[in-house]
Amino acid sequence: MSTKEKYWLKVWNDKHVFEPDPVAGKKKMFVTVPFPYMNAPVHVGTAFTAARVEFYARFRRLQGYNVLFPYAWHWTGKTIVGMSQRLKQGDQAVRRAFIEMDGVPEKEVEKFVDPEYLASYYTKVSRQVIRDTGFSIDWRREFRTIDPAFRKFVEWQYLRLRELGYVVQGTHPVVWCPFDKSPTGDHDRMEGEGVSPEEFNLIKFHLGEFALVTATLRPETIYGATNIWVNPDAEYCEARVDGELWVVSSSALTKLVEQKHDAVPVRSFRGSELVGRYAMAPLTGKSLPILPGKFVDDSLATGVVYSVPAHAPYDLMALRDIQEGRVQAGRQVKEIADKIAAIPILTLTGYSAFPASDVIKKMGIKDSLDPRLEAATAEVYSAEFHRGVLTSGSGPLAGLTVSEAKKKAVELLTKTERFGKMYELPERVVCRCGTRCYVKILENQWFLNYSNPAWKAKAKLVIERAAVFPEEARQWFYSTIEWLNDWPCSRRSGMGTKLPWDKEWIVETLSDSTIYMAFYSLSKFVNLEKIGPDNLTPEVLDYVFFGKGNPANVSKAVKMTEKRLKELHTEFLYWFPVDLRNSAKELIPNHLTFFAFHHAALFPEKQWPRGFGINGMIQIEGKKMSKTKGNFVTWRAALEKYGPDGFRLALALTADGMDDADWRDRAAEDAKGKIEAVIPFVKKSLKSASNREESQLDSWLVSSVHRRIITVTEAMEEMKIRRASATTFLDTWNDIRYYIHRTKTPRRQTLVDVFSAWVRMMSPFVPFMAEDLNHELGGKGLVCQADWPSPKDFPLDEEAELGEAIVSKVIDDARNVLKVVKGPRSKLNVYVCSDAARTYFVELATAKMKKENVGQVVKKFSALKIQPDRVFKLTFEIGEDMLHKLVSHKSFDEFRSLADASEFMSKELGIKVIVQKAGSKGIRDPANKAKDALPTKPAFLLE
RNA sequence: GCGGGGGUCGCCCAGCCUGGUCAACGGCGCGAGGCUUAGGACCUCGUCCCUUAGGGGUUCGUGGGUUCGAAUCCCACCCCCCGCACCA
């Protein structure tokens, strides 16, 4: 931080310029960005998203809006608690990340075993860096999501949502970590990403008085079953399950209990004990032998499977292993196995009656341990599922497709009462805490009823009524609303607010963050100690947010003055609705859509959010940022390297729309350099200025500033930050540079006017430098409180634009000629067209545009001997804009423009340029070229 | 698989909605020159190919189509990125 930057921060702070209160009658603008989660310091990604709102806020302030940009900190959830926990357990990776990536001092890390300390530390450093970057935030309103007052707000919100029927109870299978006593989401896993519970079919074979319970995903293959596999080395048991006697693997039993079965073990034994016995299949009534199969995973489902060698590559190979002696088996087992032949049950075009055998042969698989069996299984399964048709071997299933047969088989099995279901994870899942997960049926969990069609329709209306920047994101919202199902909004662990009616549950962290923007109107009063959490009863909040109830009674009940209560209500009404909520696109499928749903549920239409801003995600030097890759860039690191203005401008120039922003050191360095060059450039320019008369060039600069202001204003209003900042820092600057370069002596007043607009356009992006520059230019007050420049103060001058465009065009054309033509030359004669030629051009072009008879015009000007085709071609070349100016500005004097620029052109081209006008007396035209000149296209003679 | 966004002249990127001003903005890199005590600063010019008069040729993922005319509109295809949920 330089002393100048500190100075401006202090000035803004002392003058409370970013601490808005309601001002009756003054138009307001309430802009927000999702609060960051405090398990790490804020990083360049956070900065990118927040900066877009910051630029917008400062821009709207100059436009005269009363702008509120508040900020808060997200602490609720289980990630912070989880990290703290892992640190406590001595996890070195977590510790290293704290120290190396986040830059936390070692002695602070020691204290991170307390999750609240961890969060408070990151909040402290993050707040400081955001302040140092000069964000125009009203810090009086900040809060943390575990603050008592905020909890009251969440409690109130859920009470009301429940009353409206949006919170419902449900029972669902989840991936469960028994250590955390919590469902384990995808990102919370060390192993098994993307794995979700699948429903296995349980088919019970008769084994005396017991049911030998096999598990399968393909019940339609029951008619092709030849035998049963158990793992001879695993532990199995007899158990009493839901009143029946079952034989399953021992590990299956705990899962059955978690899945709400009444399961009690009776006796356990090794799997080998079952080998050689026979069990009878339901439906087919066949008695099938039980064989040893080491490939059977006893921890998967029931640990018992039946074998369909015709269609399951694993089964086929395991059988052949025994038959061909690759696996040691008793004589009796071998004899049984030798007698087994695969039973085909379906036809599949492109395969024989034994698809499993085909694929194994094709892939050259030699035994049951070959890992390619996985792929072989997938191929057979997929082909059969899509194209297989069951044959007569399948009895009642004959003629059905696989998916039809599945349903039918389940139906038939259910009738035999030899059928059941259990959930299982098809692959191993391990929680980040290191514990193996399984499926649990979680009962009576609370859900947000996002599947409710009426609620969906309302949420859709929210999006429909709002502005979405960029427009492309809108469709994504609609798809998300369609796709969203009931969302579990309650959890057992982590930080958060308890459900007021069921204290066993904590409100899930995405679910407590949907309408919290409304709380910013209250948090100011909480922080200023005007009210306390005890004041925030549901009745008070009903009045504050809904205007419900009698303020006199409501306030009395909580010992608050009626005036204060009304003030809270007024403050809320003033700021609400949210005018802009901006976030990265990854939040569309969750947070932003939840935000829309909850506003739709609780607030009337006029308080629905008015604008959504979406941006891409940050990349570092072209790669996704991640701690594991080691390319994590904290906000602090970037700020210190490039300074607040450099950092801000670099962010502004990175990307627009939903494009991912690529953070590159090189670009940031460049941005920093640009900013440092502005003030010296301005000073130097003013130094060379004089008080001369206004020329065409001055009008041109003023006119182009007119257009730049419009571009930047429109871009800012649509959150096209990159375009706005690029127009300000690159295009506008280039215009000024061209002006300086083109004129020998800049006109002081022109420069002063232009710089005054320029500094205001720059100020949202680089407020520190802008204040300095404003001061330098003698501006009164603070530029962050100035008025946004108006194009009206910079009149458009199309003739000046036309004149300068022609000068540039002539220089370009002349350069081309000079490049191509070799040989000696000392001067370039430029013959501007005669007035007659100009009239001819205009009349001909007009006739053509109006589709009138061009022949008459041609005839009228036949003396000029200019082919009409030349004119038509030229009208195309110069384009609509120039043509329009040429036709509509009759008084425009091309000769004057070019003659005045002859000195400039000479300098640019490095050759003496002499401008003459065709048709005027006494011109020197030895090659008789002047007659060929047309508007914007003077004739040349090189001598 | 489902949903969303994309593929532009060495690299990054604008243009596409509202077809012609598009060989196509801007930045980076590279080349030449200028300025300067010096410069990785700044300023000019150049940077698809050809061209002794402002011209021509071939380009905007691929292949078709519509049109006097397409980077821009339509169809098909190929490729890349992102999201897909008990979690921030």
Side-chain angles (χ1 to χ4, degrees), chain A residues 34 36-40 74 76-80 172 174-176 182-188 194 196 442 445 447 450 470-480 482-492 494 508-511 513 584-591 614 616-617 619 622 624 653-660 662 664 666-667 669-671 673-674 676-677 680-681 684 722-723 726-727 729-731 734 737 740-741 805 809-810 812-823 875-884 907-910 929 937-942:
Chain A
Y37 191 70
M38 283 296 106
N39 67 332
H74 201 186
T76 45
K78 57 176 196 171
T79 308
I80 290 171
H172 293 268
V174 297
V175 179
W176 186 259
S182 170
T184 306
D186 239 6
H187 55 277
D188 272 338
S196 53
L442 196 53
Q445 197 182 5
F447 287 79
Y450 292 144
E471 196 48 49
E472 291 93 295
R474 193 183 294 275
Q475 192 49 49
W476 195 350
F477 276 105
Y478 292 144
S479 312
T480 302
E482 279 308 309
W483 159 86
L484 213 52
N485 240 318
D486 288 358
W487 178 265
C489 64
S490 59
R491 301 195 59 90
R492 294 287 192 193
E508 182 270 334
T509 162
L510 286 182
S511 308
S513 312
K585 61 185 176 187
E586 56 186 340
L587 294 191
I588 293 180
N590 43 67
H591 168 72
I614 314 297
M617 312 207 281
Q619 299 197 313
K624 190 173 174 159
L653 289 169
T654 317
D656 259 344
M658 288 197 280
D659 295 342
D660 288 341
D662 195 1
R664 285 179 189 264
R666 166 113 220 163
E669 285 290 357
D670 197 59
K674 275 198 173 62
E676 286 165 358
F681 169 77
K684 200 176 144 203
R722 176 191 156 113
R723 162 167 292 203
T727 305
F729 285 89
L730 308 175
D731 298 330
N734 276 339
R737 278 202 193 103
I740 306 258
H741 174 69
K809 184 174 183 297
V810 167
D812 273 356
D813 284 349
R815 263 205 190 104
N816 208 341
V817 172
L818 288 168
K819 194 169 93 187
V820 173
V821 180
K822 308 277 192 307
T875 59
F876 261 126
E877 265 174 36
I878 62 176
E880 254 174 58
D881 182 53
M882 210 178 197
L883 180 61
H884 175 258
K907 201 178 96 199
E908 288 295 290
L909 295 168
K929 288 266 190 183
K937 191 149 178 143
F940 292 156
L941 174 65
L942 204 50

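Note on naming: letters A, B, ... go to the chains in the order of the sequence lines (proteins, then strands), and numbering restarts at 1 for each one.
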Original post:
Just by distance, with hydrogens left out, do A/S182 and A/R491 show a side-chain donor and acceptor under 3.5 Å apart?
Top reply: yes
Subject >> Whole angstrom value for the distance that separates P of B/C87 from CG of A/L510 >> reply: 10 Å
**OP:** Search all heavy atoms of A/A939 against all heavy atoms of A/K929 and return the closest pair with its distance.
**Re:** CB-O, 3.4 Å
Subject >> Nearest-neighbour nucleotide for the A/R666 side chain, B/G29, B/C84, B/A14 considered >> reply: B/G29
Original post:
Think A/S182 has a side-chain N or O under 4.0 angstrom from the OP1 or OP2 of B/C87?
Top reply: yes
Subject >> Side chain A/D662, main chain A/G622, donor-acceptor under 3.5 Å >> reply: yes
Original post:
Rounded to whole angstrom units, what separation is found between the CG atom of A/D662 and the C1' atom of B/C28?
Top reply: 13 Å
**OP:** Scan nucleotides 30-54 of chain B nucleotide by nucleotide, 5' to 3', and note B when protein non-hydrogen atoms come under 4.0 Å of the base, S if they reach only the sugar-phosphate, - if neither.
**Re:** -------------S-S-----BSBB
**OP:** For A/H591, report the nucleic acid contact type (base, sugar-phosphate, nothing); a contact means any heavy atom under 4.0 Å.
**Re:** nothing
Subject >> A/D881 CG to B/G20 P, straight-line distance once rounded to whole Å >> reply: 13 Å
**OP:** May I ask you to say what A/S490 touches in the nucleic acid, namely base, sugar-phosphate or nothing, with a heavy-atom cut-off under 4.0 Å?
**Re:** nothing
Subject >> Shortest non-hydrogen contact from A/L484 toward A/P589 >> reply: CD1-O, 4.2 Å
**OP:** Find the partner of B/G26: check Watson-Crick (N1-N3 plus N6-O4 or O6-N4) and G-U wobble (N1-O2, O6-N3) distances, both under 3.5 Å, and reply none if neither fits.
**Re:** B/C12
Original post:
Out of B/C87, B/A14, B/C86, which has the shortest distance to the side chain of A/R722?
Top reply: B/A14
Subject >> For A/Y450 against A/N485, the heavy-atom pair lying closest together >> reply: CB-O, 3.4 Å
Original post:
Given B/G26, B/C86, B/C82, which nucleotide is nearest the side-chain atoms of A/Q445?
Top reply: B/C86
Original post:
Between B/C79 and B/A14, how far is it from one P atom to the other, in whole Å?
Top reply: 24 Å
Original post:
Touch check for A/M658, heavy atoms < 4.0 angstrom, all strands: base, sugar-phosphate only, or nothing?
Top reply: sugar-phosphate
Subject >> C1' atoms of B/G10 and B/G46, separation to the nearest Å >> reply: 16 Å
Original post:
P atom, B/U62 versus B/A70: distance in rounded Å?
Top reply: 16 Å
**OP:** Measure the distance from CD on A/Q475 to P on B/G4 and round it to the nearest whole Å.
**Re:** 6 Å
Original post:
Just checking A/E482: base, sugar-phosphate only, or nothing, at a heavy-atom cut-off of under 4.0 Å?
Top reply: nothing
**OP:** Would you please name every residue forming a ring-ring contact (aromatic ring centres under 6.0 Å, His included) with A/W476, sequence neighbours left out?
**Re:** none
Subject >> Inter-nucleotide P distance (B/G15, B/G6), Å rounded >> reply: 11 Å
Original post:
At their closest point, which heavy atom of A/L587 faces which heavy atom of A/P34, and how far apart are they?
Top reply: CD1-CG, 3.9 Å
Original post:
Given the rule in the salt bridge (charged side-chain N to carboxylate O under 4.0 Å, His left out) test, do A/D660 and A/K624 qualify, once you have shown the distances and angles that lead to the verdict?
Top reply: CA-CA 10 Å; A/D660 288 341; A/K624 190 173 174 159; over 6 Å; no
Original post:
With a non-hydrogen cut-off below 4.0 angstrom, is A/L442 in contact with a base, only sugar-phosphate, or nothing?
Top reply: nothing
Original post:
If you check the A/E472 side chain, which of B/A85, B/G4, B/G6 turns out closest?
Top reply: B/G6
Subject >> Whole-angstrom distance between B/U44 and B/A53, as gauged at atom P >> reply: 30 Å
**OP:** Let me know the distance between CG of A/D188 and C1' of B/A85, rounded to the nearest Å.
**Re:** 13 Å
Original post:
Phosphate oxygens OP1/OP2 of B/G15: is one of them under 4.0 Å from a side-chain N or O of A/R723?
Top reply: yes
**OP:** Would you mind reading off the distance between A/E586 atom CD and B/C81 atom C1', rounded to a whole angstrom?
**Re:** 14 Å
**OP:** Provide the Watson-Crick or G-U wobble partner of B/A76, both distances under 3.5 Å; none if there is no partner.
**Re:** B/U62
Original post:
Starting at NE2 of A/H187 and ending at C1' of B/C87, how long is that distance when rounded to a whole Å?
Top reply: 3 Å
Original post:
OP1 or OP2 of B/C86 less than 4.0 angstrom from a side-chain nitrogen or oxygen of A/R492, does that happen here?
Top reply: no
Original post:
Which base, if any, makes a Watson-Crick or G-U wobble pair with B/C84, both distances under 3.5 Å?
Top reply: B/G1
Original post:
Can you check the A/I878 CD1 to B/U21 P distance for me, whole Å?
Top reply: 12 Å
Original post:
Checking all strands, does A/N39 fall into the base, sugar-phosphate, or nothing category for heavy-atom contacts under 4.0 angstrom?
Top reply: nothing
Subject >> Whole-Å C1' distance, B/A23 and B/C60 >> reply: 10 Å
**OP:** Look at all strands and tell whether A/K78 reaches a base, only sugar-phosphate, or nothing, counting heavy atoms closer than 4.0 Å.
**Re:** sugar-phosphate
Subject >> Polar pair under 3.5 Å, donor/acceptor by atom type, side chain A/E508, base B/C87 >> reply: no
**OP:** Would you name the heavy atoms of A/S513 and A/H74 that are closest together and state the gap between them?
**Re:** OG-NE2, 3.4 Å
Original post:
If you measure from the Lys or Arg side-chain nitrogens to the Asp or Glu carboxylate oxygens, is any gap between A/E908 and A/R815 under 4.0 Å?
Top reply: yes
**OP:** Tell me which of A/P36 and A/W483 sits closer to the 5' end of RNA chain B, going by the nucleotide each one is nearest to.
**Re:** A/W483
